[in-house]
Amino acid sequence: VFAASVDIYNIQMTWLRIFFRAEQDSGVEGQVRIIPAAGFIFPNPCLARDIPLEPFNYYSPYSPGERLRTKRLPGILGCSHTRWPGQSADSHIGVMLQGSILAHTYYAFETQVQHPYEHVRLQRNAWQIFTTDSSGYRVDGSPRTAGLWPDEHFDSAVGMSAVPAGAPEVVRDLEPAFGLYRRRLDPTFSISNMAPSSLMGLARAQLSFQVPAAMSGMSSTLRVTAPAGFHWNATSWWEEDFLGAPAFIEDNVLMWNATTWTTGRTYLMRSDIVVPDFSPQSSVNEVLVEFGHAGATLDERLAAGRAALGPVKTMSNAGVDYTQNTNLEDPRNDLSLQFSTVTHLNEGSYIRITGPAGFRIARDGDTCMPEAALAQRGSPYDVQSDWCCEDELVCPQRCPRSRPLPASVHCHLHSGPLEPIVMDLIAGAGGLPAGLYRFLLQTINPGVPVPNPVDLTTGCAQQICWTFTAMSNATAAGEVVDTKTYAPAFGIRTRLVEAGMSEITDLQAAQTGRDDRPLLENSLVFFFKLTKQILTPQTLTVRAPQGYVFTEDCLSALEVREREVYGNNQPLASGDTAWPLDVEVLSCRGEGPNAYIRTDPGIGQGFLAELRYPFRLKVFNPRTQPEPADNRWVIAYADEASSPFNGFSLWTFKRVTSPPLPASI
C-alpha cells in the first residue's frame with residue numbers, strides 16, 4: 001500500500017516487506033535493525049513476522065543457484081524500539097533473533113509501519129537496514145537507501161541502471177526507494193502463461209485500470225514496473241490500446257509521458273513479456289503502477305497500486321537425502337525425495353525424476369513403491385513448520401506444507417538396475433494437486449565411492465544432480481508443465497575404520513554435563529578412526545537422529561583438548577589418541593540434527609590413519625525417544641563415513657499404564 005495517511009482519523013498502516021543479503025555472519029542472538037525515512041512510525045510495541053510461505057514461495061531451500069535462496073529470519077524473538085546517540089526519539093526498531101544471520105544469504109521478513117501525512121523527496125533516500133551481534137555492535141549495513149528492487153537493478157548514484165540517451169527527463173530523476181501517493185489504485189494485471197520464456201517463448205501481458213474520480217482531468221506520467229527478472233518486449237504494442245506505446249522501456253520498467261486522465265474509462269496496455277526461469281526470490285512478486293512517480297508533493301503524486309502475480313511455473317523445493325543415516329557404498333538405504341509443483345496435474349500427467357547411476361531401487365518389474373517419508377532434516381528455522389502458512393490472519397484455513405503422495409499415484413521406472421535413474425510419478429484419479437510432497441524409496445547405494453564436488457556450472461551447484469520436471473500427457477513425448485528444478489545428490493563414501501559414542505563413568509558424566517533427560521542440553525563424547533591420513537581442510541560431520549538439535553554456533557559446545565574431553569583433568573580412555581595440536585577447529589555450525597565442524601591441519605600431519613580421536617559435543621535432546629530403527633548416529637570426515645551406530649536411551653518412563661479404578665473408590 002503506497003497511500004499516505006490523511007489525518008489522525010485516517011491513518012494508513014501497512015506491512016512493509018524487507019529483503020536483504022548479509023555479507024557476514026552476525027552470530028547468535030543478534031538483531032536486524034531498520035532506520036525508517038522521516039515521518040514513518042513503527043507502532044509501539046513494534047511487530048515483525050515471517051513472510052507467509054504461500055503463495056509467494058520465497059523459502060526454497062533447494063532452488064536452482066545458491067544465490068537465490070531466501071530464508072526466513074532465524075527465530076524472531078521479538079521487536080523493540082531503539083535510540084542511538086544524538087537522537088531525540090526511538091525511531092529505529094530492532095528485530096531480536098535467536099539464531100545467526102549467515103554470510104552471503106538472502107533473508108525476508110515484514111514489519112508493520114504507519115505512513116506519514118506528506119511526501120518528502122528525502123523519504124526515498126533514507127531507509128537503511130543493518131545487522132548487529134549479540135552485544136549490539138553493527139556487523140553489516142546497507143551502503144545506501146534500501147530500494148524497491150535487488151541491488152543489481154541500481155547503480156550507486158541514481159538507484160536505477162544506466163539511463164539511455166534520449167530518455168524522458170522524468171527518468172533521470174528517480175530514487176530507488178518507494179514513495180507515497182495521494183490515493184490507492186487497484187489495477188488488474190495478467191500474464192497469459194507463467195511458464196518460463198526460455199521454454200515457452202514470450203508471454204502476453206495485459207494491464208487494465210480505471211482512475212479514481214478525483215483524478216479526472218489531472219495530468220501525470222505513468223510508470224509500470226514488473227517484478228525483478230521479468231523483461232518487457234519493446235516492439236509488441238497494439239494501436240487499439242488506450243495507453244499506446246510507452247516513451248521509455250528498460251528491462252522491467254515502462255514509462256509514459258504526461259497524460260491527462262479521464263474517469264469512467266478503462267485504460268488498457270498489452271505487451272509481450274519475458275517470463276524468468278523462476279519466481280523472484282529477493283524482491284516482491286508484484287507489478288507496480290505509479291501515477292506521477294517523479295512528483296515532489298502528494299498533489300503531483302496522484303495514485304499508485306500493485307497487482308500480485310502468481311508463481312512462475314517452475315518446480316522448486318527439490319531435495320534428496322538418505323534416511324537410514326548411511327551414505328556408504330553398497331548398504332541398503334532409504335532415499336527421501338521431495339519437490340513442489342505449481343500446477344495441478346491431471347490424471348495421466350506425471351513428475352519425471354532423473355538421478356545418478358548406481359542405485360538399485362526396490363521394484364516389482366517396472367513399478368517402484370514410494371512410501372511415506374520422515375520430516376525434512378535441517379535447520380529448525382527452515383523446516384520447523386508443517387504448515388504452508390503460519391499466519392492465521394493471512395491463511396485462516398491453514399494447509400499442510402508437505403504431504404505424502406496420493407495413493408492413486410503410480411511409480412514407473414524406465415531405467416534398469418545400476419543405470420542412471422529415470423522415474424515417473426504418474427497422477428491417478430483426482431490428479432496431483434499443486435503442493436509440496438515428500439516420499440521415500442527403498443534402495444541400495446552404489447557399490448563404489450562417488451564423490452560429489454562443487455560445480456557452479458550445474459543447476460544444483462554440485463557435479464551430480466537430481467532433476468524434477470512436471471509433464472503433461474498431452475503428447476506422446478510429454479509436454480512440460482512446470483519446468484525442471486535440481487537437487488544435489490549426496491556423495492557415496494568409504495567406511496571409516498570405526499566411530500561411535502564413548503562410554504563414560506559417573507564422575508566423567510558429572511564433569512562433562514551428561515544429561516539424558518528429554519529436551520535438556522546433553523554433552524556427548526564421540527570418537528572416530530580414519531583409514532588414511534588427511535592433510536587438507538575438511539569437515540567433520542555428526543549426524544544425529546531426528547529430534548536432536550545442535551546449537552547453531554556450536555564452537556563453544558565443542559571440546560577437543562586432551563585433559564578436558566572426558567572432564568576436567570580426566571585422562572583419555574584406553575585406545576584414544578589426543579586431538580592433534582596442529583589441527584585447528586575453524587568453525588562449528590549446527591543445523592538441527594546435523595553438526596558441521598570445519599578443521600584445518602595447516603602444515604602439520606593432520607589426523608593420522610588407524611588412530612582413534614575423541615571429541616565432546618553438546619546437543620539438545622528430543623522430546624521423545626526415537627524408535628530403535630531411527631536411533632542411529634553417523635560420523636563422517638572427508639570422503640569417509642561410519643556405519644550407523646546406536647544412540648542412547650532417554651530417561652523417560654516406559655510401559656506406563658493407568659488402570660481404571662472402581663467407582664466406589
Side-chain angles (χ1 to χ4, degrees), residues 1-20 32-49 51-52 79-83 87-95 108-129 142 144-149 159 173-187 209 211-212 214-215 218 220-225 283-308 391 393-394:
V1 178
F2 294 90
S5 295
V6 179
D7 51 43
I8 60 173
Y9 304 105
N10 295 277
I11 293 175
Q12 182 64 61
M13 300 288 294
T14 190
W15 284 94
L16 185 67
R17 286 189 178 146
I18 298 171
F19 299 79
F20 70 95
V32 176
R33 291 185 175 172
I34 306 167
I35 303 176
F40 288 86
I41 300 173
F42 294 108
N44 195 0
C46 53
L47 300 174
R49 66 187 185 187
I51 294 178
C79 181
S80 64
H81 286 257
T82 61
R83 179 183 299 181
Q87 292 182 326
S88 59
D90 296 335
S91 57
H92 304 183
I93 64 167
V95 181
F109 69 101
E110 57 188 12
T111 184
Q112 197 173 47
V113 66
Q114 175 185 322
H115 288 182
Y117 302 108
E118 295 293 337
H119 169 78
V120 180
R121 184 175 292 276
L122 291 178
Q123 291 171 350
R124 303 179 66 188
N125 279 301
W127 287 92
Q128 287 186 289
I129 182 171
S142 51
R144 55 185 179 275
T145 187
L148 270 174
W149 306 110
D173 194 28
L174 297 178
E175 296 86 12
F178 74 93
L180 298 179
Y181 291 84
R182 175 67 70 187
R183 303 166 188 85
R184 173 179 174 176
L185 186 76
D186 293 312
F209 59 85
V211 299
M215 285 177 54
M218 294 185 176
S220 74
T221 59
L222 172 65
R223 183 171 68 177
V224 178
T225 308
S283 62
V284 293
N285 190 22
E286 299 171 339
V287 173
L288 306 183
V289 181
E290 303 164 272
F291 293 82
H293 66 278
T297 67
L298 289 180
D299 290 335
E300 298 171 317
R301 301 172 63 84
L302 303 184
R306 61 186 186 181
D391 189 346
L393 296 178
V394 177

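The shown structure was predicted, so the numbers you read here are calculated from the model rather than taken from an experiment.
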- Query: Should L180 and F40 be marked as a side chain to side chain contact (heavy atoms under 4.5 Å, CB included) after you check the CA-CA gap, both sets of side-chain angles, and the distance that decides it?
  - Reply: CA-CA 11 Å; L180 298 179; F40 288 86; 4.0 Å; yes
- Message: Run the side chain to side chain contact (heavy atoms under 4.5 Å, CB included) test on E286 and R17 for me, step by step, so that the C-alpha distance in whole Å, both residues' side-chain angles and the decisive distance to 0.1 Å come before the verdict.
- Response: CA-CA 12 Å; E286 299 171 339; R17 286 189 178 146; 4.0 Å; yes
Rounded to the nearest 0.5 Å, what separation is found between the [atom1] atom of [X] and the [atom2] atom of [Y]?
X	Y	atom1	atom2	answer
T111	I34	OG1	CD1	5.0 Å
F291	E300	CZ	CD	16.0 Å
L185	R306	CG	CZ	12.5 Å
I41	Q114	CD1	CD	4.5 Å
I129	F109	CD1	CZ	4.5 Å
L288	E290	CG	CD	6.0 Å

Under 3.5 Å donor-acceptor, [X] side chain and [Y] backbone:
X	Y	value
R301	H293	yes
H81	P43	yes
R183	L302	yes

- Sorted by chain and residue number, the ring-ring contact (aromatic ring centres under 6.0 Å, His included) partners of F20 (sequence neighbours excluded) come out as Y107
- Starting from the C-alpha separation in whole Å, work towards a yes-or-no answer on side chain to side chain contact (heavy atoms under 4.5 Å, CB included) for F19 and V284. CA-CA 9 Å; F19 299 79; V284 293; 4.0 Å; yes
- Give the intermediate values and the outcome of side chain to side chain contact (heavy atoms under 4.5 Å, CB included) for residues F209 and L222. CA-CA 12 Å; F209 59 85; L222 172 65; 4.2 Å; yes
